[in-house]
2 protein chains.
Amino acid sequence: MKDGPDIARIAALIGDPARANMLTALMDGRALTATELSQIAGVTPQTASAHLARLGQGGLIRQRKQGRHRYAELASPEVAGVLEALMGLATTSGHLRRRPGPRDAQLRRARVCYDHLAGEMGTQMFDTMLARGHLFRREDEIVLTEPGSDFTRDFLGPETQTRSRAPLCRECLDWSDRRSHLAGRLGRAMLARMIALGWARRAEGSRVIRFTPDGERQFQALFSS
Amino acid sequence: MKDGPDIARIAALIGDPARANMLTALMDGRALTATELSQIAGVTPQTASAHLARLGQGGLIRQRKQGRHRYAELASPEVAGVLEALMGLATTSGHLRRRPGPRDAQLRRARVCYDHLAGEMGTQMFDTMLARGHLFRREDEIVLTEPGSDFTRDFLGPETQTRSRAPLCRECLDWSDRRSHLAGRLGRAMLARMIALGWARRAEGSRVIRFTPDGERQFQALFSS
DNA sequence: GATATGTTTCGGTTAGCGTCGAAGCATGAA
DNA sequence: TTCATGCTTCGACGCTAACCGAAACATATC
């Protein structure tokens, strides 16, 4: 009686308490590291690793390796929909445990990530450029569109046509905001330009980037949705 | 360990192949006996009995004793909705793609989903009613507009003003089409009316709905965009 | 009553999987 | 380089639950 798709396989994946806790924690769309998920699920990292592998193989989550961390996020909104439907059946009051990022508010606000802007302001810039069509997400890569090229040339100046093999645009997952920001050569150039313009400067002995009041204004003028 | 909604418990219930087959078989809204379900699931009656007890305890099915038979049926349309959502995920994320047989084509074309019309013809009806302004999607609910009320009263007859607490319109995600079709009291009434009019009838032992040539014509006349 | 059929309970076996400790990689920092 | 951290692999243990045979229970029919 193979009347339909194999729902048992997927339901069994959700049916383990540890995995269910992990999936529930991922419901808000953020990406979490394997260790964080192991703590949420109440199991050791080894066990969590096995669970994440199964969830990935089953198509419920996607995993992205970044540095020595490995982030997991729900594979699609459809997965979230199924989880939500299940929660509805379970007649429950959902409680999601939030895991704060860096304690320092300044770090959360704006910091350098290797060589580019991260934190809330980094994700804001990235989101705005995506929304305006300056950047375009194609499969797993980020491409600079024609208007985006005009915009960046305008902002950076014409002499910045470096011809490097490094990717121009890269997506970098934010560890405080759990969303993406712009990395790659363009991300580096954008931050360098902001510092060169005097909008901001790096704090000594820290990754914090301090924007001047005027720099903050200019930034908001350029990247407010 | 803080427990939110216990989705793991419910998912684990669906996660066993035998139980999943049973639930899938119950998706057509009919009530089946324990022995029938045991044959469908491919297990002995003893095993099926244990499974049915667990499903009943978990609130997924209801069981009524009638004579020396014991009938099982899905506990609620919400359960059917969860199963449909799971089928949708299983078709997209399942790396094991089944080759479509002739029976699958019929299922994809028109089938019963708990008590309402699903498949291509179900989504066609839903889309057409949305496009014509008979239905309106507001946030997460579907509302019947004024012209829509006229239309359905015209089609269903004036005596169908049931005053139930069940939602009139509900959206149900189709696993074959990956789009929505109309569920809820109205969805149920629409299908019942089509069968009463002789447009279609349910195939024995399957969820397939067979439209007569004339019924298909009438349907297309009413729901072609 | 006796008999047949549908369903459940009991006992025991087996297989699967969730779990962790220890060790092995991989990557970033000093 | 050396060290530290995050993650994965391996091996083994233990527990749950799915399964069936046999038998008991329930209900309809003769």
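The sequence lines fix the lettering, A, B, ..., with proteins before strands; numbering per chain opens at 1. What you are looking at is a predicted structure, and each value in this text was computed from that prediction instead of being measured.
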- request: Report yes if a side-chain nitrogen or oxygen of B:R70 is closer than 4.0 Å to either non-bridging phosphate oxygen (OP1 or OP2) of C:dT8; otherwise report no.
  value: yes
- request: May I have the distance from A:Q46 (atom CD) to D:dT9 (atom P), rounded to whole angstrom?
  value: 12 Å
task: For the pair A:W199 and A:F155, evaluate ring-ring contact (aromatic ring centres under 6.0 Å, His included) and give the outcome as yes or no after the intermediate values.
output: CA-CA 13 Å; A:W199 290 11; A:F155 179 64; 5.6 Å; yes
field: Separation of atom CD in B:Q57 from atom C1' in C:dT8, rounded to whole Å
entry: 15 Å
task: Report yes if at least one side-chain N or O of B:K65 is closer than 4.0 Å to OP1 or OP2 of C:dG6; otherwise report no.
output: no
field: Spacing between A:M22 atom CE and C:dT19 atom C1', to the nearest angstrom
entry: 12 Å
- line: Here the distance between atom P of C:dA29 and atom NE2 of A:H69, to the nearest Å, is 9 Å
query: Ignoring hydrogens and geometry, is there a side-chain-to-backbone donor-acceptor pair from B:T33 to B:H69 under 3.5 Å?
result: no
- prompt: Think A:H51 has a side-chain N or O under 4.0 angstrom from the OP1 or OP2 of C:dT19?
  reply: yes
message: Quick check on D:dC19: is either OP1 or OP2 less than 4.0 Å from any side-chain nitrogen or oxygen of B:T47?
response: no
task: State plainly whether the residues A:D214 and A:R217 are in salt-bridge range, i.e. N to O under 4.0 Å.
output: yes
task: Mind calculating the distance between CG (A:N21) and P (C:dG18) to the nearest angstrom?
output: 14 Å
- prompt: Between A:T44 and C:dT19, does any side-chain N or O lie under 4.0 Å from OP1 or OP2?
  reply: no
field: Separation of atom CG in A:D16 from atom P in D:dT16, rounded to whole Å
entry: 14 Å
Contact under 4.0 Å: B:R19 side-chain N or O vs D:dA18 OP1/OP2: yes
task: Using the side chain to side chain contact (heavy atoms under 4.5 Å, CB included) rule, pick out the option among A:L60, A:L74, A:I14 that qualifies with A:V82.
output: A:I14
task: Give the rounded distance in Å between these two atoms: CZ of B:R64 and P of C:dG6.
output: 18 Å
message: Without decimals, in angstroms, what is the distance between A:Q63 CD and D:dG6 P?
response: 17 Å
message: Within the 4.5 Å heavy-atom criterion, are A:T152 and A:H134 side-chain neighbours or not?
response: no
field: B:A18 vs A:A34, nearer the 5' end of DNA chain D by closest nucleotide
entry: A:A34
message: Below the 4.0 Å mark, does D:dA18 have OP1 or OP2 next to a side-chain nitrogen or oxygen of B:R54?
response: yes
